Engineer: 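Here it is: the structure, laid out below.
These numbers were taken from a predicted model, which means no experiment stands behind them.
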Amino acid sequence: MDNELLKIFPHEKPRQLQLKLLEKTFNVLQSDKAQLLVHAPTGIGKTAAVLTPIAYFLTRNKGFKLFFITPKHSQHEIVLRTVQLLNNKLEQQGFKPLRVLSLMGKKHLCLQKLKDLNNSEFYYYCKALVKDHLCPFYENALKLKDFKPLQNVMSSKALLDLSKELSICGFELGLKYAKHSNVLVLDYNYLFNNPVREAFFKKLGFELEKAVIVIDEAHNLPVRVRNAYSTQLSSKTVRLALREAKKLNFKQLEEELISLHALLEDLAKEKFELQENTSLTRQGFVKKQELIEKLESYDIEIQEFLARLELAADLFIKQNPDRARSFLLSIHNFLTQWLETPDFDEGFVRIISQSIDNSAKPTKQGLQGFKSFNLKIQCLDPSIATKPVFEQAKAAILMSGTLQPLFMYQELLGLQSPETLVLENPFPKQNRLLLIDVSATTMFKRRNIQEFEKIASQIVKVVLNTNKTLALLPSYELLNTIERIVKQQLKARVKIFKESPKQNKLEKESLLQKFASCKKKSLLLGVIAGSYSEGIDLPGVINAVIIVGLPLQPPSLDVKAMIEYYNKKFGKGLEYGYLYPAIIKALQGAGRCIRSEHDKGVIVFLDERYAWDNYRRLFPNPKEVKISFDIEKDVKEFFKASKK
């Protein structure tokens, strides 16, 4: 490794684990089409260790760009700050500074007054405005010639502020910055949504072969890709689209939509028995050709139907510019994807489900709406999107604090013979205590008031013997139930904060700060895989985390299909499709406790199933996790010993 590389390290000198990651990244960059999987605990300084050799590479190899992919805004800021420090060192060594841009999604940079749109609806709305020259911000961007960036570090907020000041489309302005930047900090969508990536790279005039990719929080990549390639159509959407067709007086389209609603019910009846007066969801697998044949049986020619839907949606948006949403468009997009998406053997499954919709009301057309049908295309195989990207890119580094087992991510993402690096937690082991509390469970068959009282009692025992505790539960419903019982048991001795699905991002950040700054004993209640389970970094604040329950996915055809598909492809269906995802969610939440070498804390996995061998063996270090039969005593003794 070149000693010149260490001279640009953004801090005083790399720590031992940083040096290992730095060297491994440097070596990967010397190869072509190389990949590196890194399991590295939070707090070791992964960003600086990875960016240093990449900055060294970019200064010596023109035409390459770094795509740093992360879903977290906080990580965007860390990358920007790190590049700024690297630039200071680069200039001291006589090199040109790097240009870095943090770029949000196109929708978030739009200056139009928009209501809530999903991505496909926004894309169509934007496309229609641009096509008809109805967006002044886009037109202004076209007039901006001979653009040159004035600063080397550009955040998304600064970009949006500048676009407002200049009355220019924020995304188009971002593209101009991106062309002159060699470091781009982006969301997953820019690389792993094929149409988005192709359009983005075309506008940049850039080829994937010149891309160096870093994926932060890479454990999220399989789920994010599967979700991006999945879509659904509900009977409610059909009813709302029917309203739009009536407003436009498109009689043939009205008839086709009524038929579409009826055939969904017919299709459902063929797949499962509908039971009256039940709230249980029924599900059934559907093949691509079955829906096409069903449409034909209702005298609907699908290509003509699609053309009418697109024409009507376009007209509806033009006549209602303040709404910028069309359910006709939603149906068009769904059916288009239905035709383009392959079947099970190639990584997709189609499912129809039915449940009682108590909020629906009968319509004048006789569409009762009490039975809510949902037709879904579910992606099972993320490698469909990830494998081609990683095969073409110059290099890719995927890193996370919960990227074990590495072989699972290698197979799920379609990586070919990647380099691997596992960095052990560098923080003193005596500073943390990992316990399995076997006194209760959230197993469905044992969910009753007695079990809930046991769970609440164990939480209270931890809370009263710590200062700040984070308790994460499997659902908001269970969270609310446990909160009521905990309040009764604590009798106002502890300040309680609670996550809610109704809170927006700013409200959740405010709640977190209030919890962190509260002077008395505090308990923060959240949900596993929620806002406080990932992405929060409060070193020195949280000294106990309780993971309540094992976050297994509810039994459904989605899960069954995933297990079957992974079993067929890898021979590990139960592990990849069911067990590991639950353990990884639990470990992500547990990781909120120890964030620095000075932190001391207790992590409690509160469910007897964690002690079962088929789950306990999935922990990265099973021997480190102790079974507790007296949680209060164990917590007390740990904190008493840690004060010595």
Engineer: Minimum heavy-atom separation for I547 to G589, with atom names?
Structural biologist: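 What the structure gives for the nearest pair is CD1-C, 3.8 Å.
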Engineer: Quick one: does any side-chain atom of E290 pair with a main-chain N or O of K287 as donor and acceptor, under 3.5 Å?
Structural biologist: yes
Engineer: Checking side-chain polar atoms at under 3.5 Å, does Q553 have a donor or acceptor matched by the opposite partner on D558?
Structural biologist: no
Engineer: Mark yes or no for whether S155, through its side chain, and A158, through its backbone, hold a donor-acceptor pair below 3.5 Å.
Structural biologist: yes
Engineer: For the OG1 atom of T59 and the CD1 atom of I8, what is their distance to the nearest 0.5 Å?
Structural biologist: 6.0 Å
Engineer: Going through the distances and angles, do I69 and D187 end up as a side chain to side chain contact (heavy atoms under 4.5 Å, CB included)?
Structural biologist: CA-CA 5 Å; I69 308 299; D187 187 66; 6.0 Å; no
Engineer: May I ask you to decide whether R350 forms a salt bridge with D343, counting only side-chain N to carboxylate O separations under 4.0 Å?
Structural biologist: yes
Engineer: Could K569 and D381 be called an ion pair, given the rule that one side-chain N must be under 4.0 Å from one carboxylate O?
Structural biologist: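 Salt bridge flag = yes for D381 with K569.
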Engineer: Looking at I213 and I215, what are the two nearest heavy atoms and their distance?
Structural biologist: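 Closest approach of I213 to I215: CG2-CD1, 3.5 Å.
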Engineer: Rounded to the nearest 0.5 Å, what's the gap from OH on Y532 to CG on L538? Could you check?
Structural biologist: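 Answer rounded to 0.5 Å: 10.5 Å.
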Engineer: Around atom CD of E624, are there more than 12 heavy atoms from other residues, nucleotides or ligands closer than 6.0 Å?
Structural biologist: yes
Engineer: Taking the six-membered ring for Trp and the single ring otherwise, decide whether the centroids of F9 and H11 are under 6.0 Å apart.
Structural biologist: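 Yes, ring centres under 6.0 Å apart.
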Engineer: Within 45° of the ring axis of Y566 and under 6.0 Å from its six-membered ring centre, is that where the NZ or CZ of K572 lies?
Structural biologist: no
Engineer: Suppose the criterion is ring pair (Phe, Tyr, Trp, His ring centres under 6.0 Å): which pairs have a residue in residues 197-218, not counting sequence neighbours?
Structural biologist: F67-F201, F67-F206, Y190-F200, F201-F206
Engineer: Between the main-chain N or O of T386 and the side-chain N or O of S383, is there a donor-acceptor pair closer than 3.5 Å?
Structural biologist: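 The answer is no, because no donor-acceptor pair under 3.5 Å joins these two groups.
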Engineer: Looking at S102, is its backbone amide N or carbonyl O close enough to the side chain of S156 to form a donor-acceptor pair, meaning the two atoms are under 3.5 Å apart?
Structural biologist: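 Such a contact is found between S156 side chain and S102 backbone.
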Engineer: Between K394 and E209, does any NZ, NE, NH1 or NH2 come within less than 4.0 Å of an OD or OE carboxylate oxygen?
Structural biologist: no
Engineer: Would you say that L423 contacts I44 through its side chain, given a criterion of any heavy-atom pair below 4.5 Å between the two side chains?
Structural biologist: yes
Engineer: For Q404 and Y580, does a side-chain donor sit closer than 3.5 Å to a side-chain acceptor?
Structural biologist: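 On atom types as modelled, these side chains do not qualify, holding no pair under 3.5 Å.
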Engineer: Can you tell me if CD on Q16 sees more than 12 non-hydrogen neighbours from other groups inside 6.0 Å?
Structural biologist: no
Engineer: Apply side chain to side chain contact (heavy atoms under 4.5 Å, CB included) to L339 and I292, showing your working.
Structural biologist: CA-CA 9 Å; L339 294 177; I292 296 171; 3.7 Å; yes
Engineer: Has the side chain of N567 got a donor or acceptor atom that lies under 3.5 Å from a matching backbone atom of I563?
Structural biologist: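 Between the backbone of I563 and the side chain of N567 there is no qualifying donor-acceptor contact (under 3.5 Å).
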Engineer: Counting only heavy atoms not in K33, do more than 12 sit closer than 6.0 Å to its NZ atom?
Structural biologist: yes
Engineer: What closest approach, in Å, do I377 and F348 show between heavy atoms, and which atom pair accounts for it?
Structural biologist: CG2-CD2, 4.1 Å
Engineer: Is it true that K24 and E419 make a salt bridge, defined as a side-chain N closer than 4.0 Å to a carboxylate O?
Structural biologist: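 Salt bridge present between K24 and E419.
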Engineer: As a quick check of understanding, evaluate side chain to side chain donor-acceptor pair (under 3.5 Å) for S533 and Q588, giving each step before the final call.
Structural biologist: CA-CA 6 Å; S533 185; Q588 271 294 313; over 6 Å; no
Engineer: Please report the shortest heavy-atom distance between P551 and K585, naming the atom on each side.
Structural biologist: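 Heavy atoms of P551 and K585 come nearest at CG-CB, 3.9 Å.
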Engineer: CD1/I584 to CG/L403 distance, rounded to the nearest 0.5 angstrom?
Structural biologist: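 If we round to the nearest 0.5 Å, I584:CD1 and L403:CG are 8.0 Å apart.
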Engineer: What class does the angle between the rings of F344 and Y565 fall in, given that below 30° is parallel, 30 to 60° is tilted and above 60° is perpendicular?
Structural biologist: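 Taking Y565 first and then F344, their aromatic rings stand perpendicular (interplane angle over 60°).
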Engineer: So do the side chains of K508 and L506 get within less than 4.5 Å of each other, counting heavy atoms only?
Structural biologist: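 No, side chains not in contact.
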Engineer: Going by side chain to side chain contact (heavy atoms under 4.5 Å, CB included), M399 matches just one of L36, V38, T25. Which one?
Structural biologist: V38
Engineer: Do Q30 side-chain atoms and F26 backbone N/O form a donor-acceptor pair below 3.5 Å?
Structural biologist: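 Pair found, side chain donor or acceptor close to backbone of F26.
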Engineer: Go through Q337 and H332 one step at a time and tell me if the side chain to side chain donor-acceptor pair (under 3.5 Å) criterion holds.
Structural biologist: CA-CA 9 Å; Q337 190 163 340; H332 172 274; over 6 Å; no
Engineer: Taking the side chain as everything from C-beta on, heavy atoms only, tell me whether W338 gets closer than 4.5 Å to V286.
Structural biologist: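 W338 reaches V286 side chain to side chain.
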Engineer: Test K65 against E207 for salt bridge (Lys or Arg N to Asp or Glu O under 4.0 Å), laying out the working first.
Structural biologist: CA-CA 10 Å; K65 290 182 187 290; E207 299 293 332; over 6 Å; no
Engineer: Is there a side-chain contact between M104 and F171, using heavy atoms and a 4.5 Å cut-off?
Structural biologist: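 Side chain of M104 against side chain of F171, heavy atoms only: no contact under 4.5 Å found.
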Engineer: Identify the heavy atoms of P382 and L412 that sit nearest to each other, and give their distance.
Structural biologist: CG-O, 3.4 Å
Engineer: For the backbone of L98 and the side chain of N87, can you confirm whether one donor and one acceptor N or O come within less than 3.5 Å of each other?
Structural biologist: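 Yes, the answer is positive, given that a donor and an acceptor are paired below the 3.5 Å cut-off.
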Engineer: Please give me the minimum heavy-atom distance between P388 and L208, naming the atom from each residue.
Structural biologist: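 Reported closest heavy-atom pair: O-CD2, 4.3 Å.
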Engineer: OG/S330 to CG/L233 distance, rounded to the nearest 0.5 angstrom?
Structural biologist: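 Nearest 0.5 Å value for the OG-CG distance: 8.5 Å.
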Engineer: Hey, are the side chains of I352 and N374 touching, using non-hydrogen atoms and a 4.5 Å cut-off?
Structural biologist: no
Engineer: Verify the distance criterion only: is there a donor paired with an acceptor across the side chains of Q75 and T47 at less than 3.5 Å?
Structural biologist: yes
Engineer: If you draw the axis of the six-membered ring of F619, does the NZ or CZ of R617 fall within 45° of it and under 6.0 Å from the ring centre?
Structural biologist: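 Cation-pi check for R617 and F619: fails.
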Engineer: Starting at CG of L204, measure out to NE2 of H180 and round the result to the nearest 0.5 Å.
Structural biologist: 11.0 Å
Engineer: Would you indicate whether K560, at its atom NZ, is surrounded by more than 12 heavy atoms from other residues, nucleotides or ligands within a distance under 6.0 Å?
Structural biologist: no
Engineer: Could you grab the distance from atom OG of S531 to atom CG of L512, nearest 0.5 Å is fine?
Structural biologist: 9.5 Å
Engineer: Just wondering, do L406 and H39 contact through their side chains at under 4.5 Å, heavy atoms?
Structural biologist: yes
Engineer: Under the salt bridge (Lys or Arg N to Asp or Glu O under 4.0 Å) rule, what do D216 and K46 come out as? Steps first, then yes or no, please.
Structural biologist: CA-CA 9 Å; D216 183 48; K46 294 192 289 288; 5.5 Å; no
Engineer: Is there a donor-acceptor pair under 3.5 Å between the side chain of R616 and the backbone N or O of V625?
Structural biologist: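 Judged by distance alone, yes, a pair lies under 3.5 Å.
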Engineer: Taking the basic N atoms (NZ, or NE/NH1/NH2) and the acidic carboxylate oxygens, is any pair closer than 4.0 Å for K288 and E340?
Structural biologist: no
Engineer: Under the rule for side-chain hydrogen bond (donor to acceptor under 3.5 Å, both in side chains), what residues qualify as partners of T82, not counting sequence neighbours?
Structural biologist: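 Partners of T82 by the side-chain hydrogen bond (donor to acceptor under 3.5 Å, both in side chains) criterion come out as none, since no residue qualifies.
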Engineer: Does a side-chain heavy-atom distance below 4.5 Å link F334 with L375?
Structural biologist: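 F334 vs L375: side chains touch.
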Engineer: Are F64 and N182 close enough that some pair of their side-chain heavy atoms sits under 4.5 Å apart?
Structural biologist: no
Engineer: Can you tell me if S181 uses its side chain to pair, donor with acceptor, with the backbone of V183 under 3.5 Å?
Structural biologist: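 Side chain of S181 to backbone of V183, a donor-acceptor pair under 3.5 Å: no, none is there.
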Engineer: Does a side chain donor of either S234 or T237 reach within less than 3.5 Å of an acceptor in the other side chain?
Structural biologist: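 Yes, side-chain donor-acceptor contact under 3.5 Å.
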Engineer: Taking atom types as modelled, is there a side-chain donor on R224 or N227 under 3.5 Å from an acceptor on the other?
Structural biologist: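 No, N227 and R224 have no side-chain donor paired with an acceptor closer than 3.5 Å.
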Engineer: Would you tell me whether Q378 and S230 have side-chain atoms, one donor and one acceptor, within less than 3.5 Å of each other?
Structural biologist: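 There is such a pair between these side chains.
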Engineer: Whether the S353 and Q283 side chains hold a donor-acceptor pair (N or O, under 3.5 Å, no angle test) is what I'd like checked.
Structural biologist: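 No.
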